[in-house]
Protein chains: 2
Amino acid sequence: MLSHKAKYALKALLYLAQQEETHISRTIEIAEAASIPKKFLEQILLDLKRGHFVGSKQGKFGGYYLLKSKNDITLADIHRLFDGAIALLPCASLNFYERCSDCVDESECLLRHGLITIREETLKAMQGITIASLVKK
Amino acid sequence: MLSHKAKYALKALLYLAQQEETHISRTIEIAEAASIPKKFLEQILLDLKRGHFVGSKQGKFGGYYLLKSKNDITLADIHRLFDGAIALLPCASLNFYERCSDCVDESECLLRHGLITIREETLKAMQGITIASLVKK
DNA sequence: ATTAATTCTATAAAATTAGTAGGGTTTAAA
DNA sequence: TTTAAACCCTACTAATTTTATAGAATTAAT
């Protein structure tokens with residue numbers, strides 16, 4: 001399941017993607033349009049900025065805008081940024097690999113093999129969903 | 001990600017699947033073989049029993065055994081029993097459907113459509129992984 | 001200077017997770 | 001019929017994560 005943070009991030013990105021290219025959106029504007037608590041959204045937008053998905057303009061008349069193309073922001077990206085690994089266990093993860101503390105011999109683990117299969121399929125599916133594909137409905 | 005409970009459940013089921021058909025496994029035996037805290041495993045086995053995946057024999061020389069065929073226990077089943085919905089949001093779930101409180105009009109939600117696609121693909125993949133397929137390596 | 005916006009850090013309440021504790025109940029063997 | 005060995009059940013707890021909120025600092029345009 002997605003955290004609220006990830007869900008709100010996606011909704012915010014969808015909002016930005018639907019504005020004109022040159023438009024700069026204020027946090028409060030996004031928050032109201034997408035029913036997201038404003039102060040919470042502030043943090044989320046900063047995370048998206050640190051992840052180089054959005055850019056910002058500070059000061060009066062400032063706000064946020066898409067930095068990457070809608071076609072280059074995938075569900076997998078946002079999941080990883082806010083909710084971490086796509087895989088079902090850290091030992092089956094590419095980007096968030098961690099050994100299981102209760103694992104005796106990883107290469108012999110019956111579970112890991114199956115979970116790597118799942119990760120591959122889920123990842124492919126999540127990479128197929130982009131902000132652009134969602135906006136196009 | 002899977003919870004420890006779901007992971008332990010899968011490891012316990014894998015252990016049971018590798019025993020002879022007639023063998024009854026004690027909790028302590030599974031716990032030691034699979035490095036699972038015994039008292040925690042007790043709860044998990046009870047949940048598996050309530051889910052009709054395993055059967056039990058009480059009293060002295062009692063224990064647990066597989067109730068369903070290894071081919072009929074899927075990763076999707078165990079995920080749902082311990083970790084709930086397969087879908088990334090409750091509004092995109094079949095078995096754990098819930099409306100989003102921040103959603104104005106669900107039929108118009110751009111996110112939901114994509115998440116239903118993901119759920120369908122993930123579910124198919126997870127239903128393809130059975131205890132039998134994991135044991136066969 | 002003033003105003004309006006982002007940025008940053010700290011805090012807090014609520015929920016979830018990962019167990020632990022301590023019995024109660026059932027069964028079978030001695 | 002007593003006893004031991006196992007499952008069964010409920011409650012509790014400590015730690016972590018999640019979901020925010022608060023308030024001040026910084027930045028930029030007028």
Side-chain angles (χ1 to χ4, degrees), chain A residues 1-12 16 23-32 34-65 67 79 81-85 88-90 96 98 100-102, chain B residues 1-12 16 23-32 34-65 67 79 81-85 88-90 96 98 100-102:
Chain A
M1 296 274 284
L2 290 182
S3 65
H4 281 202
K5 257 192 176 174
K7 179 175 79 167
Y8 291 158
L10 288 165
K11 286 173 76 175
L16 292 179
H23 183 66
I24 285 190
S25 306
R26 289 172 303 146
T27 304
I28 185 72
E29 172 189 338
I30 307 170
E32 285 173 359
S35 309
I36 305 170
K38 194 219 163 195
K39 289 297 264 181
F40 200 23
L41 180 58
E42 279 184 12
Q43 291 178 15
I44 292 163
L45 287 168
L46 280 174
D47 287 337
L48 284 171
K49 193 193 168 186
R50 291 185 190 113
H52 307 105
F53 294 101
V54 303
S56 71
K57 185 169 179 298
Q58 279 190 307
K60 197 169 182 181
F61 300 117
Y64 291 93
Y65 51 91
L67 198 58
H79 190 287
L81 183 60
F82 292 96
D83 295 347
L88 289 175
L89 286 183
F96 297 85
E98 238 177 282
C100 286
S101 62
D102 58 314
Chain B
M1 296 273 286
L2 290 181
S3 65
H4 281 202
K5 258 192 176 174
K7 178 175 80 168
Y8 291 158
L10 288 166
K11 286 174 75 174
L16 292 179
H23 183 67
I24 285 191
S25 306
R26 290 171 302 148
T27 304
I28 184 71
E29 173 189 338
I30 306 170
E32 285 173 0
S35 309
I36 304 170
K38 193 217 163 198
K39 288 296 264 183
F40 200 24
L41 180 58
E42 277 186 14
Q43 292 179 15
I44 292 163
L45 287 168
L46 282 173
D47 287 338
L48 284 171
K49 192 193 169 188
R50 293 184 188 113
H52 306 105
F53 295 101
V54 303
S56 72
K57 186 171 179 294
Q58 280 189 305
K60 199 170 179 179
F61 299 115
Y64 292 93
Y65 51 91
L67 198 59
H79 190 287
L81 183 60
F82 292 96
D83 294 348
L88 289 175
L89 287 183
F96 298 84
E98 238 176 283
C100 286
S101 62
D102 57 314

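All values below come from the heavy atoms of this structure, side chains included, with hydrogens, waters and symmetry mates left out.
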Next item on the list: With heavy atoms under 4.0 Å as the rule, sort B:Tyr8 into base, sugar-phosphate or nothing.
Entry: sugar-phosphate
Check: Which pair of heavy atoms, one from A:Ala34 and one from A:Lys11, lies closest together, and at what distance?
Finding: O-NZ, 2.9 Å
Item checked: Counterpart residues, ring pair (Phe, Tyr, Trp, His ring centres under 6.0 Å), relative to B:Phe61 (two or more places apart) -> none
Notebook entry, point to check: Could you give the CE-to-P distance, from A:Met1 to D:dT19, as a whole number of Å?
Noted result: 10 Å
Next item on the list: Would you please name every residue forming a side chain to side chain contact (heavy atoms under 4.5 Å, CB included) with B:Asp47, sequence neighbours left out?
Entry: B:Lys5, B:Arg50, B:Phe82
Using a 3.5 Å cut-off and no angle test, enumerate the donor-acceptor pairs between side-chain atoms of residues 25-32 of chain B and protein atoms at least two apart in sequence or in another chain.
residue	atom	partner	partner atom	Å
B:Glu29	OE1	B:Arg26	N	3.1
B:Glu29	OE2	B:Tyr15	OH	2.7
B:Glu29	OE2	B:His23	NE2	3.0

Item checked: A:Lys38: partners by salt bridge (charged side-chain N to carboxylate O under 4.0 Å, His left out), with sequence neighbours left out -> A:Glu42
Check: Taking atom C1' of D:dA14 as reference, at what distance in whole Å does atom NE2 of B:His4 sit?
Finding: 15 Å
Next item on the list: Just do the side chain to side chain contact (heavy atoms under 4.5 Å, CB included) check on A:Asp102 and B:Lys7 with the steps written out, would you?
Entry: CA-CA 11 Å; A:Asp102 58 314; B:Lys7 178 175 80 168; 2.8 Å; yes
Item checked: Contact state string [nucleotides 1-6 of chain D, B base, S sugar-phosphate only, - no protein heavy atom under 4.0 Å] -> ----BS
Checklist line | A:Leu2 vs A:Lys39, nearer the 5' end of DNA chain D by closest nucleotide | finding: A:Leu2
Check: Of all residues at least two apart in sequence or in a different chain, which pass the side-chain hydrogen bond (donor to acceptor under 3.5 Å, both in side chains) check with B:Ser35?
Finding: none
Notebook entry, point to check: Considering only heavy atoms and no angle criterion, is a donor-acceptor pair shorter than 3.5 Å present between the side chain of B:Lys38 and the base of C:dG19?
Noted result: no
Item checked: Euclidean distance, atom CD1 of residue B:Ile36 to atom C1' of C:dA18 [Å, nearest integer] -> 13 Å
Next item on the list: Please list, by residue number, the residues of residues 40-54 of chain A whose heavy atoms come closer than 4.0 Å to an atom of DNA chain C; answer none if no residue qualifies.
Entry: A:Glu42, A:Gln43, A:Leu46, A:Lys49, A:Arg50
Check: Which residues pass the side chain to side chain contact (heavy atoms under 4.5 Å, CB included) test with A:Ser56, sequence neighbours left out?
Finding: A:Lys49, A:Tyr64
Check: Over how many whole Å does the gap from B:Phe82 atom CZ to C:dT16 atom P extend?
Finding: 18 Å
Check: Has the side chain of B:Lys5 got a donor or acceptor atom sitting under 3.5 Å from an opposite partner on the base of C:dG19?
Finding: no
Notebook entry, point to check: Under the ring pair (Phe, Tyr, Trp, His ring centres under 6.0 Å) test, which residues partner B:His79, sequence neighbours left out?
Noted result: none
